[in-house]
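These notes are about the structure you will find just below.
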Amino acid sequence: MSESESPVTASTPAEKAPEAAPAQDAPQAPARDEAPDGAPAGDPAADAAAQPDGAPAAEPEPAEAEHAAESGPAPQAESAPAESGGPEGAPAAPGPRPGSPRPAAPGPRPGAPSPAALAAKKPSAALLPVAPPVTEYDPEQVAAATAFGAVAEDGTVTVQDGTQVRAIGQTQETDHAAALEPFARGYLDLVAFLDLTQTTLNAPEHTQNELNRLLENLRKNMKEPQVVGDIPALRARANELREQAKEKIRALEAERAKGREEATRRRTEFVESIEALVATDPEQISWKNAGETMRQMVPTWKQMQQEDVSLDRPTEDALWKRLSAARATFDRMRKQFFSQLDAKHAEAAQAKEELIARAEAMQDSTDWGPTVRAYKALMDEWRSAPRGSRKKDDAQWKRFKAAQDTFFQARNADLHETEAEQRENLAVKEALLGEAESIDPGTDLERAKKALRSVQDRWEEAGKVPRGDMRRIDDRLRAVERAVKNAEQDEWRRTDPRTRARVEGASSQLHSAIASYQEALDEAVAGGDPAKIAEAEAALEARKEWLAVIERSARDLG
């Protein structure tokens with residue numbers, strides 16, 4: 001028996017007790033909670049032994065704990081007062097008087113639980129150590145407690161329990177104060193029991209089994225206790241302690257539910273990741289990585305079972321069924337995919353053989369331009385053709401590329417022969433560019449146009465130039481052509497009679513407007529209104545600016 005479970009004996013002054021008092025004269029003491037097999041209720045060893053190996057230890061729900069706290073009193077032994085005990089190490093009521101039978105020894109403890117049963121239970125913090133036994137009480141406290149009791153003429157001991165008077169025992173003691181004193185001490189023992197229960201509840205950590213045992217001890221000890229004292233106050237405090245214990249149980253259950261919820265979420269996410277892998281398009285799956293993931297699926301699941309919070313059986317079974325179904329689907333999908341892949345590889349090999357035959361048929365062609373375009377189209381078809389096995393694809397690609405290389409090597413040799421001729425043509429065109437860039441269309445437009453036409457005719461006769469120089473020299477010739485064309489358009493705009501007439505008409509209108517606004521300004525100055533003066537000046541200045549623009553255009557037109 002651990003220190004926290006050892007009973008605390010109450011003070012029993014032998015000098016005031018009868019030599020051979022009957023057992024029923026003793027007041028009821030806080031009862032000890034015992035399991036059916038003789039082990040103390042709530043003992044972790046007994047709880048673990050009652051579970052099958054590997055199964056999680058069952059913990060009562062809040063409704064069960066509340067029912068246990070409010071159920072009727074446990075049967076009491078008539079031969080001797082019951083011990084008080086439990087996780088709090090509650091003090092006992094007055095011990096047996098001299099001559100009364102000794103309490104029966106507890107039955108044999110159950111065997112050691114299996115490692116699996118112990119692994120299923122989380123370690124809990126030890127309860128507070130038992131308070132030292134009380135040997136004496138303050139006489140004033142004893143006297144205050146005895147005020148609630150009375151002894152009838154026939155020796156019946158009664159207590160004022162709220163609004164009712166309740167018989168709690170018999171006595172042969174003629175001194176009423178001495179007869180009530182053991183019952184008063186039993187009351188003070190219950191007060192000490194509640195004090196120790198409060199200390200236990202103030203501990204930082206508890207297990208639900210410990211709190212359930214505490215509730216059971218409160219239920220047994222506070223159901224019509226056979227003591228003398230202020231019992232309603234005792235019950236009120238016991239109810240308060242009971243509510244504190246229930247609140248802690250609810251907090252533990254909420255924490256355990258949260259842990260299970262988090263564990264369920266983690267397991268569900270793992271299952272969903274496997275299902276997402278199985279739902280992936282077979283063409284997009286990396287089968288090597290996916291196969292390794294599926295091989296690690298069961299070990300990962302077992303590791304989560306060992307390291308995470310245990311789930312309820314229906315939830316765990318449902319998740320495992322989903323995993324098993326996903327694995328079966330994956331195996332079926334992999335077999336089907338590779339079967340179809342073999343058929344696709346055969347089809348791809350046949351299509352590429354046809355492309356190779358067409359490439360080899362053109363490899364000796366000297367019709368360079370059309371054949372180059374034909375090989376480009378063949379390359380596009382090769383890229384869009386289905387992929388085969390890597391070994392077969394590599395061998396077919398070598399044959400296809402060999403046919404291309406044969407043609408392009410012959411074409412490149414021919415291009416080298418024409419390279420010298422194109423360099424000579426480049427020299428001729430560069431000389432023509434020097435002649436074209438010396439043309440000045442601003443001095444004599446007609447002469448510039450004639451010179452440019454001569455350069456353009458000889459440019460066409462010069463022939464092709466190397467591809468790398470083609471754009472450079474073409475851009476230089478285009479610049480000369482644009483300069484001549486721009487000069488021609490400027491000359492046309494300058495000599496157009498319609499443009500001149502429009503300019504002269506606009507100039508005449510602006511002169512009339514300026515005269516009108518000048519008169520408005522003079523009238524505003526005469527009137528002395530600053531706002532009208534400013535408005536007239538702004539309008540006059542705007543028309544003068546417009547007239548300046550028109551006059552510049554007229555000068556440009558000559």
Side-chain angles (χ1 to χ4, degrees), residues 263-308 311 313-365 370-409:
T264 302
R265 180 187 59 79
R266 287 189 289 271
R267 303 269 192 98
T268 303
E269 288 178 354
F270 173 69
V271 173
E272 289 175 348
S273 68
I274 297 297
E275 291 175 337
L277 175 63
V278 174
T280 305
D281 184 356
E283 298 292 339
Q284 305 298 326
I285 292 180
S286 173
W287 289 99
K288 181 178 179 181
N289 296 336
E292 180 61 25
T293 300
M294 298 304 290
R295 280 191 292 273
Q296 294 299 322
M297 185 191 76
V298 174
T300 302
W301 179 260
K302 290 183 178 179
Q303 183 178 3
M304 295 177 76
Q305 285 180 315
Q306 294 173 357
E307 297 178 356
D308 217 336
L311 306 183
R313 181 57 59 86
T315 301
E316 187 161 8
D317 288 347
L319 291 174
W320 173 249
K321 287 180 180 178
R322 290 171 61 182
L323 273 183
S324 181
R327 179 172 57 181
T329 302
F330 178 82
D331 293 340
R332 183 170 58 256
M333 184 172 64
R334 179 172 55 183
K335 292 178 182 178
Q336 182 179 3
F337 173 80
F338 283 104
S339 176
Q340 295 175 352
L341 187 63
D342 291 341
K344 290 181 180 180
H345 285 175
E347 181 182 352
Q350 179 61 32
K352 290 181 178 179
E353 284 294 331
E354 296 177 0
L355 296 177
I356 293 170
R358 291 163 58 188
E360 291 175 344
M362 296 188 299
Q363 65 184 353
D364 296 327
S365 174
T371 308
V372 168
R373 290 190 291 273
Y375 269 114
K376 183 179 180 181
L378 274 182
M379 179 59 72
D380 292 339
E381 291 185 48
W382 183 277
R383 291 193 183 100
S384 62
R387 295 180 58 183
S389 65
R390 176 169 295 183
K391 184 177 180 181
K392 184 69 173 178
D393 268 356
D394 290 345
Q396 289 182 317
W397 169 250
K398 288 179 180 179
R399 292 167 56 198
F400 181 78
K401 189 173 184 301
Q404 282 187 319
D405 290 345
T406 300
F407 168 77
F408 283 104
Q409 286 171 3

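Throughout, residue positions are numbered sequentially from 1 according to the sequence presented. Note that the structure is predicted; figures quoted are calculated from it, not measured.
- Between Ile274 and Met294, the closest side-chain pair of non-hydrogen atoms falls below 4.5 Å.
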Before you tell me yes or no, could you show the steps for Glu316 and Arg313 under salt bridge (Lys or Arg N to Asp or Glu O under 4.0 Å), namely the whole-Å CA-CA distance, both residues' side-chain angles and the distance that decides it to 0.1 Å?
CA-CA 5 Å; Glu316 187 161 8; Arg313 181 57 59 86; 5.3 Å; no
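- In this structure, the side chains of Gln404 and Leu378 stay at 4.5 Å or more apart for every pair of heavy atoms.
- Judged as a side-chain hydrogen bond (donor to acceptor under 3.5 Å, both in side chains), and not counting sequence neighbours, Arg387 has no contacts.
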Going through the checks in order, is the side chain to side chain contact (heavy atoms under 4.5 Å, CB included) test met by Met297 and Thr293?
CA-CA 6 Å; Met297 185 191 76; Thr293 300; over 6 Å; no
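- With sequence neighbours excluded, no residue forms a side-chain hydrogen bond (donor to acceptor under 3.5 Å, both in side chains) with Ser384.
- Identified under the salt bridge (charged side-chain N to carboxylate O under 4.0 Å, His left out) test for residues 399-408, with sequence neighbours left out: Glu353-Arg399, Lys401-Asp405.
- Aromatic ring orientation, Phe408 versus Tyr375: tilted (interplanar angle from 30° to 60°).
- The salt bridge (charged side-chain N to carboxylate O under 4.0 Å, His left out) check on Arg332 picks up nothing, with sequence neighbours excluded.
- The main-chain N or O of Phe270 is found under 3.5 Å from a side-chain atom of Ser273 such that the two form a donor-acceptor pair.
- For Arg265, the salt bridge (charged side-chain N to carboxylate O under 4.0 Å, His left out) partners two or more places apart in sequence, or in a different chain, are Glu262, Glu269.
- When all heavy atoms of Pro386 and Ala348 are compared, the pair lying nearest together is O-CB, 3.1 Å.
- Shown here are the side-chain contact (heavy atoms from CB on, under 4.5 Å) partners of Ala374, two or more places apart in sequence or in another chain: Met362.
- The pair Lys344-Glu283 meets the salt-bridge criterion, since a charged nitrogen lies less than 4.0 angstrom from a carboxylate oxygen.
- Trp382 contributes atom CH2, which lies 12.0 Å from atom CZ of Arg358 (distance to the nearest 0.5 angstrom).
- Applying the side-chain contact (heavy atoms from CB on, under 4.5 Å) test to Arg383 and every residue at least two apart in sequence or in another chain returns Met379, Asp380.
- Among all heavy-atom pairs drawn from Gln284 and Thr280, the shortest one is CB-CG2, 4.2 Å.
- With sequence neighbours excluded, no residue forms a side-chain hydrogen bond (donor to acceptor under 3.5 Å, both in side chains) with Thr264.
- In this structure, CE on Met304 lies 5.5 Å from CZ on Arg267, to the nearest 0.5 angstrom.
- In this structure, Gln396 contributes its side chain and Ala349 its backbone to a donor-acceptor pair below 3.5 Å.
- Residues Glu292 and Arg295 share a closest heavy-atom pair of OE1-NH2, 3.0 Å.
- Scanning for side-chain contact (heavy atoms from CB on, under 4.5 Å) contacts around Pro314 gives Asp312, with sequence neighbours left out.
- Side-chain contact check for Asp394 versus Trp397: every heavy-atom pair is 4.5 Å or farther apart.
- The closest donor-acceptor contact from the side chain of Ser339 to the backbone of Lys335 lies at 3.5 Å or more, if one exists at all.
- Smallest separation of non-hydrogen atoms from Glu275 and Ala326: CG-CB, 4.3 Å.
- Residues satisfying the salt bridge (charged side-chain N to carboxylate O under 4.0 Å, His left out) test with Glu347, not counting sequence neighbours, are none.
- We find the OG1-CG distance between Thr406 and Asp364 to be 7.5 Å, quoted to the nearest 0.5 Å.
- Partners of Glu272 by side-chain hydrogen bond (donor to acceptor under 3.5 Å, both in side chains), not counting sequence neighbours: none found.
- Shortest non-hydrogen contact noted between Lys352 and Ala385 is CE-CB, 4.1 Å.
- Here the shortest heavy-atom pairing between Val271 and Trp301 reads CG2-CZ3, 4.1 Å.
- A donor-acceptor contact shorter than 3.5 Å is absent between the side chain of Ser324 and the backbone of Trp320.
- Shown here are the side-chain contact (heavy atoms from CB on, under 4.5 Å) partners of Asp331, two or more places apart in sequence or in another chain: Arg327, Arg334.
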